[in-house]
Each structure stands twice: as structure tokens, then as C-alpha cells.
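Letters go in sequence order (proteins before strands), and every chain restarts at 1. Since the structure is predicted, the reported quantities are computational estimates derived from the model, not experimental observations.
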There are 2 protein chains.
Amino acid sequence: MTESLSPERMTAWRAYIEASQRLFTQLEDDLRADSELTFADYHVLVLLSEAPGQRLRMGELASRLVFSPSRLTYQISSMQKRGLVARQSCPEDRRGSEAVLTAAGLLALREAAPHHLRSVRTHLMDDLDDAEVACLTRVFERLGRRLRADRDASSTPADK
Amino acid sequence: MTESLSPERMTAWRAYIEASQRLFTQLEDDLRADSELTFADYHVLVLLSEAPGQRLRMGELASRLVFSPSRLTYQISSMQKRGLVARQSCPEDRRGSEAVLTAAGLLALREAAPHHLRSVRTHLMDDLDDAEVACLTRVFERLGRRLRADRDASSTPADK
DNA sequence: ACCGCTTCGTTCAAATTCCAAGGGCATCTG
DNA sequence: CAGATGCCCTTGGAATTTGAACGAAGCGGT
């Protein structure tokens, strides 16, 4: 299987995959342990809390979370049932709707944040020095930009 | 939400999460586009192809894939139906069973590998210089070791 | 050999996720 | 302003994943 990737890069690739998988499940477990939130729930709350008016269009939210549309619908419905967000139809474009952070949602986020951030620190960040953090930022911001661009390009057939 | 993570680290964290999510879904899509395999299928085939006797215990496989036991059962059953692997009960420990790579499974892997590796290169590796690869390897191998250790520790109450 | 007690993998129901349609509106063209 | 077209989100049903409970062995002490 060394068909076209140098051994060094293969090693990097495998380490990245496995560790990331472990990290995500670990954070998910931690979060569930000391709050009533999922990682997805938490992420939604963070994004909404930072948005102007603490509200976001469904599509925008889906794109940032890297969720399929139907998955986001389900996710928001679930959070709505628990009172963490509300749904409002969008004033400018009546086709769409937006998710709005509720007081309960903000409270839940404020309660969960310290635990979650501690989790991120102990499992990941505390082991990294500044140079490593800088490297990760550079690599993954570039990667993110690139993948976003690729996706936009493929959804827009972009005639010549 | 800057409760306990420096802005630099928060940025790194977010970039890492989003880009990883995008990368995984992109690779999954690519793989499905030019083979009949899932990312999980592919990963199983790789691990089996490298194992002595091209066979692995279910538990071992689950641990390496970071899959829950029931998820692995489902995964292997699905691959078994498609003829990619076979299931055999383990000789030494009759409680357990092992997954064995079939000829068809090996063939499927050989066909899919070039496509998948190209995908990994174009989406990720081609953009990285050697220093970045080295950094990723160092960071994620350390992280993986740490998380594996944490998990083992928590499953084994490990009295003093 | 006989109990507990643990481990290995599976199973079943419930929760989650995806994909293909569908419904409602906006926008564009004539 | 009707009709055509496209976008935004939701639905419905199938596929996947999870978590708890189970059956079948191993394991150690008696």
C-alpha cells in the first residue's frame, strides 16, 4: 500500500486519522459526562452565540458545521425540543428559517464551556508547544480554505 | 468563550475541527465515487491486509478503528455479505471470532488503493512541506499514545 | 468440579444520519 | 403577471450507530 505516498507521509496520515478519531470520541464522552450536551449541540450553541443577533440561517449553520441539510434539520429540531434554540422564519427570505439562541441555550453553553475547554486543554492543547500550535493553525486553515473552495467549485459547475 | 484557551489555541482548535471534518467527508465521497467501498470498509481491508495471516480478532480491529463493538459487528457483517471478509471462530479463545481477508477483499483493496491515495495526496499531502509532515506526525503520534493510555487507564480502575 | 466474576462478541430497540423527493417561495423572462 | 426555473429547507424511508442486555466462554479460588 505504498503506492504513492512516502512512508513518512503514510505514517503522518495514519497517526492523524487515528488520533483525531480518538480525540473526537473522547471529547464527546467528556461533554456528555458533565453536561446534557452533544458535541454537535455545543458547536451549534457556540456558533449561534457569536452570530449577530444570536441567530443564523439554517444553510449557513449547516455549512459551518459541515452537516448535511437534513442532518441539521434534525439537530435543530432536537435542540428546539430541549429549549436550547428557537426556530423563526426568515424575514428577508420567506423560504428559509433561522435558528435563534434562547436564554436557556446560552445558559447551557455557559455552564458547559469551562468543562469542555478544560477537556480540550487536557487532551490536546496542554501537550503542544507554541510552534506546534502555529503549525497546526497554518496547516488546517490552509486545508479548510482549500476544501471549501473545492466544494464551492464542484457545486457551481462554473462554465468556461 | 475565551474561558481558558488562548486566542491562538482557540483558532488552531477551530481550524483543526472544521478542516478535519471537511477532509473526512471529502475522502469518503471520493472513495464512494470510484469504488464500492466506504472509508470504514477501506480501513478494515488495510488493517487485515497487513495483519499476520490477514486476520484479526474483532476486539483488536475495533480498538484500532476506534469503533464500538456493536458497530464493528455490523461493519463486518456488511462486508461479509459482500464477500470482502470471512468470519472464523478463534481457535485459542472460543469466545471470540476473527475477521479474515478474502481474495475478493484483497482485490477490492488493490483496486481502490490508488484512487484513495491519490485523493489523500491531492486533498492533503500535496500542500504540506516536509517540516509540516514531521510536525503532524509528532503531534498526532503523541496524542494517539496519550489517548490510548487514558482509555486503558479508565477501563482498568488501576488501584494503587 | 463448582461458584462467582470478568471478557468477547452479538443482538435488539431506539436514536441518529443519509438520500431522494417534495413544498413553498424568490427570481427571471417574456 | 403568468410561467419557468432554482433555491432553501423539510419529509419519508432506508441505512447506520449506539447503548443496554445477553449467551457463551475463560479464570481464579475453594
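- Following rounding to the nearest Å, B/L61 (CG) and C/dG9 (C1') show an atom-to-atom distance of 13 Å.
- Atom pair B/E28:CD and C/dT17:P shows a separation of 14 Å (rounding to whole Å applied).
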For residues 62-72 of chain A, run the donor-acceptor check on the side chains, cut-off 3.5 Å, and write out each pair with its distance to 0.1 Å, sequence neighbours left out.
from, atom 1, to, atom 2, distance (Å)
A/R64, NE, A/E60, OE2, 2.8
A/R64, NH2, A/E60, OE2, 3.1
A/S68, OG, A/R71, N, 3.2

When you compare the protein's N or O atoms with those of nucleotides 24-27 of chain D, which come within less than 3.5 Å of each other, and at what distance?
from, atom 1, to, atom 2, distance (Å)
D/dG26, OP1, B/R94, N, 3.1

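- Listed by chain and number, the residues in a side-chain hydrogen bond (donor to acceptor under 3.5 Å, both in side chains) with A/E132 are B/R138, B/R142 (sequence neighbours excluded).
- Residue B/L106 is grouped with residue B/L37 when hydrophobic side chains (ILVMFWY) are merged at heavy-atom distances under 4.5 angstrom, including chains of intermediate members.
- The distance between atom CD of B/E98 and atom C1' of C/dC8, rounded to the nearest whole Å, is 13 Å.
- The side-chain hydrogen bond (donor to acceptor under 3.5 Å, both in side chains) check on B/Q88 picks up B/R55, with sequence neighbours excluded.
- Computed from coordinates, the B/Q21 CD to C/dT17 P distance equals 11 Å when rounded to whole Å.
- Legend: residues meeting side chain to side chain contact (heavy atoms under 4.5 Å, CB included) with A/F24, ordered by chain and number and at least two apart, are A/S20, B/Y16, B/I17, B/S20, B/F24.
- Every residue meeting the side chain to side chain contact (heavy atoms under 4.5 Å, CB included) condition with B/R95, not counting sequence neighbours, appears here in chain and number order: B/D93.
- Sorted by first and then second residue, the ring-ring contact (aromatic ring centres under 6.0 Å, His included) pairs with a member in residues 96-120 of chain B read B/F39-B/H116, B/Y42-B/H116; sequence neighbours excluded.
- Partners of A/H43 according to the side-chain hydrogen bond (donor to acceptor under 3.5 Å, both in side chains) rule, which considers only residues two or more places apart in sequence or in another chain, do not exist here.
- By the side-chain hydrogen bond (donor to acceptor under 3.5 Å, both in side chains) test, B/E18 is found to be paired with A/R148, B/R22, residues two or more places apart in sequence or in another chain being considered.
- Here the C1' atom of nucleotide C/dC8 and the CD atom of B/Q88 are 17 Å apart, to the nearest Å.
- In this structure, B/R82 pairs ionically with B/D41, as a charged nitrogen and a carboxylate oxygen lie closer than 4.0 Å.
- B/E8 meets the side chain to side chain contact (heavy atoms under 4.5 Å, CB included) test with B/S6; sequence neighbours excluded.
- Between the two ends of the helix from C/dA1-D/dT30 to C/dG30-D/dC1, each summarised by a five-pair axis, the helix axis turns through 20° (rounded to 10 degrees).
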**OP:** Take nucleotides 10-17 of chain D nucleotide by nucleotide from the 5' end and write B, S or -, depending on whether a protein heavy atom sits under 4.0 Å from the base, only from the sugar-phosphate, or from neither.
**Re:** BB---SSB
